[in-house]
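Lettering follows sequence order; numbering is per chain, from 1.
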Amino acid sequence: VIPLLLFAIVSGGLGDVTNIKGFPTKSFATFALAVPFVQGCLMAIATTGQTIATDIEHGFINRLALTPMRGVALLIAQLAGAVVIGSLQAAIFFGVGFAAGARIAAGFLGALVLVALFLLAVLASGAFGILLALRSGSGQTVQAVAPLTAVFLFMSSMVFPRNLIEIHWFRTVATINPMSYLVEGIRSPLVSGWDAQALALGFAVAGGLFALALGGAVVSLRRGLVSR
Amino acid sequence: MTRSTFASVTRYVAWRNLRDVRHAPTLILPTLLLPLLFLVAFSGALSRVTSLPKFPPVNYTAFQYVYALLQVAAFGGAVGGTAIIDDFDSGFMDRLMVAARLRSAIVAGFVIAMFVRSVIAVLVLTAVAFALGIKIGGSAVDLVGLFALAALLNVTATLWSSGVAMHVHTVNAAPGAILPIFLLLFLTPVFLPLDLLSGWLHTVANLNPLSHVLETGRGLIAGNPTKVARAFALAGGMALLAALWAVWGVRRAEAAGT
């Protein structure tokens with residue numbers, strides 16, 4: 001609901017900015033449709049992390065440690081759940097976006113690429129949530145840290161193209177903020193058609209974050225299971 | 001033993017809530033974080049929208065500051081309801097209701113405490129706005145008008161959330177105390193003036209009284225105030241309705257024997 005609310009407010013409230021010279025599309029709903037996708041993937045931090053944190057708090061992970069089950073299987077199962085939820089989210093976001101007048105410049109194949117990037121970002125967020133839960137062992141910590149990731153989203157090119165941002169310090173922050181590249185990667189099939197650079201950067205950011213978070217989670221889980 | 005008066009109960013409740021903030025200044029943060037994020041992110045990203053035809057001559061940081069100011073005022077009041085719910089949860093409110101003859105004084109104490117807490121948050125917000133390069137075109141009188149509107153909204157939000165807390169007095173009341181305020185604030189012209197909105201959001205924002213308070217506030221900070229009387233009538237009317245709602249809540253809490 002929250003990603004869709006933000007989409008509704010942003011797309012409804014900024015429709016006129018497409019009249020600014022150099023704006024890449026005449027449909028702000030199309031431009032803004034990347035927002036719920038990115039916010040949706042960030043929410044996987046809280047949902048996936050909370051599940052593991054609850055298992056730790058209730059001692060379920062301790063009992064698992066006594067079984068022959070491999071820790072990696074637990075991670076894969078949690079992340080698979082996040083991907084299923086992400087797929088449903090993607091369908092809803094497209095449905096609402098199309099109803100609001102959004103279109104996909106890159107066509108059906110572009111939509112598939114967008115969903116692939118979104119699901120990779122969901123995996124990255126989910127793995128980060130698991131890492132947080134394993135390191136802290138606390139659902140409260142997961143719930144406290146997860147909303148802070150919204151700062152990265154707000155300080156990115158979420159609502160305006162980076163090349164048109166005229167406040168220098170903000171453009172610099174948005175440029176060094178990896179979230180901008182994820183937003184722009186997801187946005188590119190919608191707005192620009194096939195933009196290889198935006199897609200490559202988007203996949204690199206999502207893939208890099210996924211690899212880092214998953215690596216950290218595997219190490220934490222192994223240490224946790226051994227110590228328990 | 002001295003008998004409690006309206007003033008003594010109000011003073012005690014206000015002091016007790018302000019003492020909590022003195023001991024834990026981070027209690028201000030929930031009120032401040034989202035408005036600060038809005039101010040910093042949107043004044044940074046969207047300043048170019050001032051080049052749109054029909055956009056009023058106002059610095060975009062100032063334009064966003066007024067929205068963030070109203071957010072601080074409203075959220076700062078809304079947390080009053082959650083503070084009352086906490087007091088019901090801990091059993092303190094039951095003892096307070098027994099000790100106070102005039103129970104509306106309890107709500108008055110929360111109104112004062114939330115106002116002072118919000119003033120602290122507004123000072124931080126304003127300092128950040130100056131760091132971001134806000135340009136104020138309004139006179140001192142205009143600014144008094146702007147802050148008076150924010151104060152009325154703060155009182156309205158405290159009364160509303162106190163009323164919800166007094167009606168429900170369990171943790172289930174928390175979303176009811178905060179969500180309507182949150183939604184009303186979002187369904188306003190957040191990024192562009194009302195005249196530049198279109199579609200459903202224009203219709204909804206036009207019906208939302210907070211939109212008109214926001215538009216007048218933006219006019220005041222730009223030194224081009226418009227429809228000031230209407231904004232004060234709307235803000236005052238909302239405060240009056242919220243006061244009636246809060247008093248009704250207190251009566252129901254009394255009748256429930258809490």
Take A:Trp169 and B:Leu132 through the test side-chain contact (heavy atoms from CB on, under 4.5 Å) and record every step on the way to the result.
CA-CA 10 Å; A:Trp169 71 263; B:Leu132 291 172; 3.4 Å; yes
On a heavy-atom basis, the closest approach of A:Val10 and B:Phe191 is CA-CE1, 3.9 Å
Considering all heavy atoms, the nearest A:Phe160-B:Leu46 contact:
CD1-CD2, 3.7 Å
Does A:Gln197 have more than 12 heavy atoms from other residues, nucleotides or ligands lying within 6.0 Å of its CD?
no
Gap separating the CG atom of A:Leu148 from the CG atom of B:Leu37, nearest 0.5 angstrom:
10.0 Å
In terms of heavy-atom proximity below 4.5 Å to chain A, should B:Leu52 be classed as side chain, backbone, both, or neither?
side chain
Could you check A:Ile167, A:Val17, A:Ile20 and say which one makes a side-chain contact (heavy atoms from CB on, under 4.5 Å) with B:Arg48?
A:Ile20
Look at atom CZ of A:Arg135 and say whether more than 12 heavy atoms of other residues, nucleotides or ligands are closer to it than 6.0 Å.
no
A:Val173 versus chain B, heavy atoms under 4.5 Å apart: side chain, backbone, both or neither?
neither
A:Phe98 atom CZ, over 12 foreign heavy atoms within 6.0 Å:
yes
Run A:Glu166 and B:Tyr60 through side-chain contact (heavy atoms from CB on, under 4.5 Å) and show every step you take.
CA-CA 12 Å; A:Glu166 60 181 12; B:Tyr60 197 69; over 6 Å; no
Counting only heavy atoms closer than 4.5 Å, note whether A:Leu6 contacts chain B via side chain, backbone, both or neither.
neither
Chain A heavy atoms under 4.5 Å from B:Ser43: which part of the residue, side chain, backbone, both or neither?
backbone
Counting only heavy atoms from other residues, nucleotides and ligands, does the tally under 6.0 Å from NE2 of A:His168 exceed 12?
no
Check whether B:Phe38 gets within reach of chain A through its side chain, its backbone, both or neither, counting any heavy atom under 4.5 Å.
side chain
Quick test of your reading: applying salt bridge (Lys or Arg N to Asp or Glu O under 4.0 Å), list the pairs with at least one residue in residues 2-26 of chain A, sequence neighbours left out, ordered by first then second residue.
none
More than 12 heavy atoms from other groups under 6.0 Å of CZ on B:Phe92
yes
Hits for salt bridge (charged side-chain N to carboxylate O under 4.0 Å, His left out) against A:Asp55, two or more places apart or cross-chain, chain-then-number order -> none
Counting only heavy atoms from other residues, nucleotides and ligands, does the tally under 6.0 Å from CZ of A:Phe152 exceed 12?
no
Side chain / backbone / both / neither for B:Ser198 at chain A, heavy atoms under 4.5 Å
backbone
Does some side-chain heavy atom of A:Leu5 sit less than 4.5 Å from a side-chain heavy atom of B:Leu183?
yes
Most heavy-atom pairs under 4.5 angstrom with chain A, which of B:Pro189, B:Ser47, B:Ser51, B:Gly133?
B:Ser47
Smallest separation among heavy atoms of B:Ala45 and A:Val159, with atom names:
CB-CG2, 4.1 Å
Derivation and outcome, side-chain contact (heavy atoms from CB on, under 4.5 Å), residues B:Val40 and A:Met155
CA-CA 8 Å; B:Val40 174; A:Met155 301 301 286; 3.7 Å; yes
Interchain contact, B:Phe55 with chain A, by part (heavy-atom threshold 4.5 Å):
neither
Given that the side chain runs from C-beta out, which part of A:Ala8 has a heavy atom under 4.5 Å from chain B: side chain, backbone, both or neither?
both
